Amino acid sequence: MHEMSLAEGVLQLVEETAMRERAQRVKLVVLEIGRLSSVEPEAMKFCFEAVTSGGIAQGATLEIVVVPGEGWCMACGETVPMGEPYAACPRCGGYQLRPTGGTAMRVREIEIE
Amino acid sequence: MCTVCGCGEGQVKIEGGAPESSHEHAHVHEDGTVHSHAHGHDHDHAHAHGSGEALAGVHAHSHHHADGSEHSHAHIHQGEHAHQHGHEGHHHHEHGVAGDLDYGAGPARAHAPGMSQSRMVQIEQDILAKNNAYAAANRQWFDERGILALNLVSSPGSGKTALLVRTIELLKGKVAISVVEGDQQTSNDAERIRATGVAALQINTGKGCHLDGHMVGHALERLQPADASLFLIENVGNLVCPAAFDLGEQHKVAILSVTEGEDKPLKYPDMFRAADVMLLNKCDLLPHLEFDADLAEANARRVNPELIIFRVSATSGEGLAAWVSWIEAGLEAQRGKHAETVDALRRRVAELERQLEHTRAVK
């Protein structure tokens with residue numbers, strides 16, 4: 001979903017940080033993508049390459065760490081693993097499941113020089 | 001680019017990178033004269049020098065994470081140095097890259113261990129955080145003024161604008177209303193809204209597929225909605241992206257029309273999950289269609305068990321009374337917040353006055 005504008009958001013964060021740190025080049029960007037965040041890692045990689053072209057982060061390696069999904073099942077009254085958004089509860093099979101983990105997408109760190 | 005004010009939000013590109021490295025060097029000509037000159041290098045401009053500088057060494061390595069996943073990546077090292085990866089929740093490791101490079105007597109030797117050119121910087125920031133900050137500011141602005149803001153989202157052609165026009169006609173005698181219209185191009189929708197007599201502002205997103213918190217913040221400055229009024233935002237017709245961009249509204253209202261499929265909430269679950277209310281529109285057409293309204297509602301509740309659903313028709317007006325009552329209840333709740341803000345401010349003023357009296361008495 002709209003990976004291009006998200007990649008722009010990533011680039012902005014990376015560039016702001018690199019400027020602040022007076023970096024010459026960004027070598028590595030570590031991105032956390034939750035399994036329930038609706039962001040496709042493959043699409044993100046493609047867009048990242050496109051948006052970084054010509055800037056300080058050109059050629060930087062994009063490392064994606066996939067964070068597993070978790071949800072709170074109202075029927076079971078406990079936290080259960082969720083493989084995909086809107087999945088049924090693996091314990092009771094119900095859909096009263098509210099995602100609690102693996103929903104975010106954030107820039108964890110960058111390597112600069 | 002921000003399409004309201006034209007500022008370059010999100011498009012900030014620093015061409016050629018941050019501080020451009022300039023480089024001075026001297027030439028000795030055959031006749032013995034020496035001249036020196038400086039020139040700047042673009043970081044992606046390769047420039048080979050003879051002695052004193054080494055070739056960059058490429059170095060690949062892999063990490064094993066605690067969760068069992070593995071990744072590998074390559075670094076280009078410019079010098080002999082140790083570097084550290086501070087991957088949170090993973091192992092920490094440090095490794096020197098010795099032997100594969102030689103800077104000779106060059107200045108790179110001056111780098112102390114641990115002061116390497118390459119380093120990790122922790123960011124730990126949500127990518128949507130910037131938008132969320134704008135949205136939070138908008139939300140506070142609405143709450144302080146007792147304004148009810150609704151963000152209407154749907155696919156193109158679900159009847160959002162027609163529904164808005166009908167809603168405005170039913171409410172405009174009772175409450176002040178202002179409207180923001182988001183579309184890629186044209187101001188057709190804002191013109192339809194203005195025809196009802198209420199203030200409307202069109203935002204053209206150009207290439208953008210959704211409105212964001214920043215655009216709506218600018219719209220607020222331009223429209224200046226009255227205290228305790230209704231602020232309606234018609235988002236770009238798109239069932240995907242607007243789900244991820246909070247605008248600071250109190251509720252997202254998803255509109256599904258019966259000329260679409262019953263399985264749309266399952267196909268585009270993010271939007272129906274993000275919404276608090278779903279309007280099943282064009283219900284006057286149900287007798288002519290094979291659309292199963294109960295199935296559509298069941299699908300929507302499967303992705304969002306707490307969804308409030310109204311069956312309506314902007315054309316016939318059916319079901320609109322319940323929808324309008326829901327808006328009125330929301331306006332009442334926002335007025336409560338406004339009153340709380342006003343009361344809190346009054347208490348604060350009273351407290352400051354007491355303090356002032358006290359200071360005067362002491363003098």
Side-chain angles (χ1 to χ4, degrees), chain A residues 1-2 4-33 37-39 51 54-59 61-68 74 85-86 88 94-99 104-113, chain B residues 9-21 43-44 63 65 67 69 71-78 83 85-90 116-131 207-210 212 238 240-241 243-245 266 269-270 273 301-305:
Chain A
M1 133 174 122
H2 52 79
M4 200 51 129
S5 55
L6 293 176
E8 291 272 8
V10 172
L11 179 66
Q12 211 177 333
L13 256 178
V14 167
E15 284 182 340
E16 279 168 14
T17 309
M19 287 275 281
R20 195 183 64 228
E21 300 287 330
R22 302 183 184 283
Q24 309 259 339
R25 197 163 82 85
V26 178
K27 295 167 72 176
L28 171 72
V29 175
V30 183
L31 197 61
E32 272 181 10
I33 299 184
S37 69
S38 319
V39 180
V51 299
I56 192 169
Q58 177 164 323
T61 306
L62 179 67
E63 182 188 317
I64 292 175
V65 179
V66 177
V67 179
M74 286 183 240
Y86 321 112
Y95 286 96
Q96 300 267 311
L97 209 53
R98 188 171 284 280
M105 167 191 39
R106 52 186 206 147
V107 180
R108 185 188 277 179
E109 57 190 349
I110 62 173
E111 185 179 3
I112 53 172
E113 63 178 24
Chain B
E9 187 62 50
Q11 296 267 317
V12 184
K13 280 261 171 60
I14 303 130
E15 286 298 332
E20 208 175 284
S21 62
H43 79 286
D44 56 357
H63 302 267
H65 294 285
D67 62 3
S69 65
H71 74 264
S72 65
H73 55 116
H75 298 274
I76 296 170
H77 290 285
Q78 296 272 328
H83 78 158
H85 290 275
H87 296 194
E88 186 206 25
H90 299 162
S116 61
Q117 293 166 320
S118 176
R119 63 207 156 96
M120 301 299 289
V121 179
Q122 303 279 321
I123 297 184
E124 303 282 349
Q125 210 175 323
D126 198 300
I127 291 145
L128 295 172
K130 197 153 192 156
N131 181 66
K207 293 188 190 107
C209 48
H210 56 266
D212 63 36
N238 175 349
V240 185
C241 312
F245 289 84
L266 302 179
D270 285 324
R273 171 84 76 173
R301 290 215 165 91
R302 193 171 130 188
V303 298
N304 184 353

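These numbers were taken from a predicted model, which means no experiment stands behind them. Each chain gets a letter, A, B and so on, in the order the sequences are listed, and its residues count up from 1. No hydrogens, no waters, no symmetry mates; every other heavy atom, side chains included, goes into these values.
Between A:Glu113 and B:Arg119, the closest side-chain pair of non-hydrogen atoms is not below 4.5 Å. Inter-residue side-chain proximity for B:Gln125 and A:Arg106 is flagged as unmet; no heavy-atom pair is nearer than 4.5 Å.
There is no contact between B:Arg301 and chain A, counting heavy-atom distances below 4.5 Å. Using a 4.5 Å cut-off between heavy atoms, A:Leu97 touches chain B through its backbone atoms (N, CA, C, O) alone.
Distance check, rounded to the nearest 0.5 Å: CD1 of B:Ile127 to CD of A:Glu32 gives 9.5 Å. Atom CZ of A:Arg108 is separated from atom CD of B:Gln122 by 8.5 Å, given to the nearest 0.5 angstrom.
Applying the side chain to side chain contact (heavy atoms under 4.5 Å, CB included) rule to A:Gln96 yields the partners A:Met74, B:Pro305; only residues at least two apart in sequence or on another chain are considered. Legend: residues meeting side chain to side chain contact (heavy atoms under 4.5 Å, CB included) with B:Pro269, ordered by chain and number and at least two apart, are A:Tyr86, B:Val303.
B:Met120 approaches A:Glu111 most closely through the heavy-atom pair SD-CB, 3.3 Å.
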Next item on the list: Test side-chain contact (heavy atoms from CB on, under 4.5 Å) on A:Met105 and B:Asp126 and set out the steps.
Entry: CA-CA 6 Å; A:Met105 167 191 39; B:Asp126 198 300; 5.5 Å; no

